[in-house]
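Structure first, commentary second.
Letters go in sequence order (proteins before strands), and every chain restarts at 1.
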Amino acid sequence: MLDIQLLRTDLNHVTKKLASRSYRFPIEKFNQLEADRKKIQTQTQELQAKRNAASKLIGQAKSKGEDATSIFTEVASLGDELKQFEIILGQIQSELQNILLEVPNLPHDSVPEGSGEEDNQEVRRWGQIRSFNFEIKDHVNIGESLKLLDFETAVKLSGARFSLIKGSLARLHRALTQFMLDTHVQEHGYTEIYAPYLVNRDSLQGTGQLPKFEEDLFVVNTAGKTAHGDKNTTGFYLIPTAEVPLTNIIRNEIVALKFLPMQFVAHTPCFRSEAGSYGKDTRGLIRQHQFDKVELVHIVHPDQSYEALETLVNHAEKILQKLELPYRVMTLCTRDMGFSAAKTYDIEVWLPAQNTYREISSCSNCESFQARRMQARFRNENGKTTLLHTLNGSGLAVGRTLVAILENYQNADGSVSIPEVLQPYMNGLDLLRIVGGQ
RNA sequence: GGAGAGAUGGCCGAGUGGUCGAAGGCGCUCCCCUGCUAAGGGAGUAUGGGGUUUAUAGCCUCAUCGAGGGUUCGAAUCCCUCUCUCUCCGCCA
């Protein structure tokens, strides 16, 4: 959420910035609501002050045993009028709130303007792209011919965009998450978190998935309770990313300066409806309704958030370096960034079968955008409560990492070598190949 | 699932219709005193809005005692709904 003060004092600049990420801010409506709000709020508060003062006088008079009927009759008529004002004010404020909740974050000045993927800027590349002297296969062919990937059964169990991973490949998948968690905890100093996979509306509103992106989420309705519908009913949403529970740790908190910065890491499944992505990445593990991810979240002092963003990306890159997978880092342009982000780096891993780099991590600085929605604050050097800055990034998407390993480490005989750093997690196994009886 | 109890400021805890944003204690901050660690005295110490203002200063004001609604001139206190916590029983990974 943007600072409403900014909208009041510098609306032109803000709307221009928003336009660069193709968001049209409803200027007229906002101005009208603000004007109404100011008028009604002032009047409401005057009436409230009047009522409070009179009530106090009645109380004083009664305690002295005096007669209070004159004040009483004066204030009795106030009630209905005040109620009308309060109702109207409430409506205006919730309309304003609804507008604000749908406005995306402002891009940082260093973010390139652009209209889509093609305007993202490459920051750096790492690793040597391997040249193959045989006909390469994509990860689906590799996995299926090794009998370790079974999409047919997954369709039977659930439907499209689900997968069944078997045997040593399932173990490799598990090895990857262990390896990622260990690296971030032991080498990068993160606090490991085990968090809920089901969260409430407030949490999703805090990080920005709600109210605007409801259709991207899976909703769980338990007996008699629904997540959407009535505001005061309760139910759950499946998390689309661990960013939601990890960042919401500090919702409605005022943390002491000495606890900053915070770095959390968690491994969770992620659930996405993928509404509107029909026909995109229908093959293989790339785009699934359910996938595992190791997520990194930083909670930092506002002065340090851009430094933290670089650190965060480096932490994610470290995983690819250790796995010896070639990648590049991209700065997303204004129109390609997510709703809550002020600046985002994507890490894209090389996928030989697609002959291209594909997103495997997205690292964003949300500045105070999420913190304002969450009322997540800290007590600064002068003892004042101040909004925190929040950052999040994948470190990494496990399924896509598995894809990258299968494709980059494939051998001419159809087997797949196991990256050295993962072998200790595989009981020393160094090769995925067909074994009998699967 | 059944029965009962509860939710107040950083923490503990008082407060069952009026001068309560809230006694008291602990903690914390600042000051004073005491030649040390100890002890004592004083002051301060919730959050979010709005208005005014060059001002994150000051002043005025509103809201908030788990959340939402209601009764009332007036609600921490009464009523309703919900959420959460605790105790006992049952069930259970």
Does [N] pair with anything, Watson-Crick or G-U wobble, both distances under 3.5 Å, and if so, with which nucleotide?
N	answer
B:A63	B:U47
B:A14	none
B:A55	none
B:C30	B:G42
B:A3	B:U87
B:U37	none
B:U77	none
B:C20	none

Could you tell me how far [M] sits from [N] if I compare only their [atom1] atoms? Round to whole Å.
N	M	atom1	result
B:C80	B:C26	P	39 Å
B:C73	B:G15	C1'	23 Å
B:G49	B:U37	C1'	47 Å
B:A22	B:U29	P	24 Å
B:C65	B:G17	C1'	15 Å
B:A23	B:G10	P	14 Å
B:A5	B:G66	C1'	16 Å
B:G13	B:G25	P	16 Å

d([atom1], [X]; [atom2], [N]) in whole Å:
X	N	atom1	atom2	value
A:Gln93	B:A63	CD	P	13 Å
A:Gln48	B:C62	CD	P	8 Å
A:Phe236	B:U83	CZ	P	10 Å
A:Ile40	B:C62	CD1	P	18 Å
A:Leu82	B:C73	CG	C1'	11 Å
A:Gln60	B:C20	CD	C1'	13 Å
A:Phe72	B:U72	CZ	P	10 Å
A:Lys258	B:C28	NZ	C1'	10 Å

Any base atoms under 4.0 Å from [X], or only sugar-phosphate, or nothing? Heavy atoms, all strands.
X	result
A:Asn52	sugar-phosphate
A:Lys83	sugar-phosphate
A:Glu46	nothing
A:Thr385	sugar-phosphate
A:Arg379	sugar-phosphate

message: Is there a side chain to side chain contact (heavy atoms under 4.5 Å, CB included) between A:Thr386 and A:Phe378? Walk through the geometry before answering.
response: CA-CA 5 Å; A:Thr386 312; A:Phe378 72 106; 3.5 Å; yes
- request: Please work out whether the ring planes of A:His315 and A:His188 are parallel, tilted or perpendicular, with thresholds of 30° and 60°.
  value: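 Answer is parallel, since the angle falls under 30°.
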- prompt: Has the side chain of A:Lys62 got a donor or acceptor that lies under 3.5 Å from a partner of the other kind on the base of B:G18?
  reply: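 Per atom types, the contact qualifies.
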- prompt: Of the nucleotides B:U47, B:U19, B:G18, which one has an atom closest to the side chain of A:Ile254?
  reply: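 Minimum distance to the A:Ile254 side chain belongs to B:U47.
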- prompt: Choosing from B:U47, B:C73, B:C62, which nucleotide comes nearest the side chain of A:Ala49?
  reply: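 Taking heavy atoms from C-beta onward, the closest nucleotide is B:C62.
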field: Per-nucleotide protein contact string for nucleotides 50-57 of chain B, where B marks a base within reach and S marks sugar-phosphate only (heavy atoms under 4.0 Å, - for neither)
entry: BSS---S-
message: Quick check: A:Phe264 with A:His184 (ring centres under 6.0 Å apart)?
response: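 No, too far apart.
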message: Holding to ring-ring contact (aromatic ring centres under 6.0 Å, His included), I want the full list of residues that pass it with A:His139, two or more places apart in sequence or in another chain.
response: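 By the ring-ring contact (aromatic ring centres under 6.0 Å, His included) rule, A:His139 matches no residue at all.
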[X] (side chain) donor-acceptor with [Y] (main chain) under 3.5 angstrom:
X	Y	answer
A:Arg373	A:Gln205	yes
A:Lys147	A:Ile434	no
A:Arg400	A:Ile286	yes
A:Glu113	A:Thr334	no
A:Asn105	A:Cys366	yes
A:Ser277	A:Glu274	yes

- prompt: Are OP1 or OP2 of B:G48 and a side-chain N or O of A:Arg377 less than 4.0 angstrom apart?
  reply: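 Affirmative; the distance criterion is met.
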message: Assuming nearest nucleotide by heavy-atom distance, tell me which of A:Arg51 and A:Ile58 is located more 5' along RNA chain B.
response: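 Going by which nucleotide is closer to the 5' end, it is A:Arg51.
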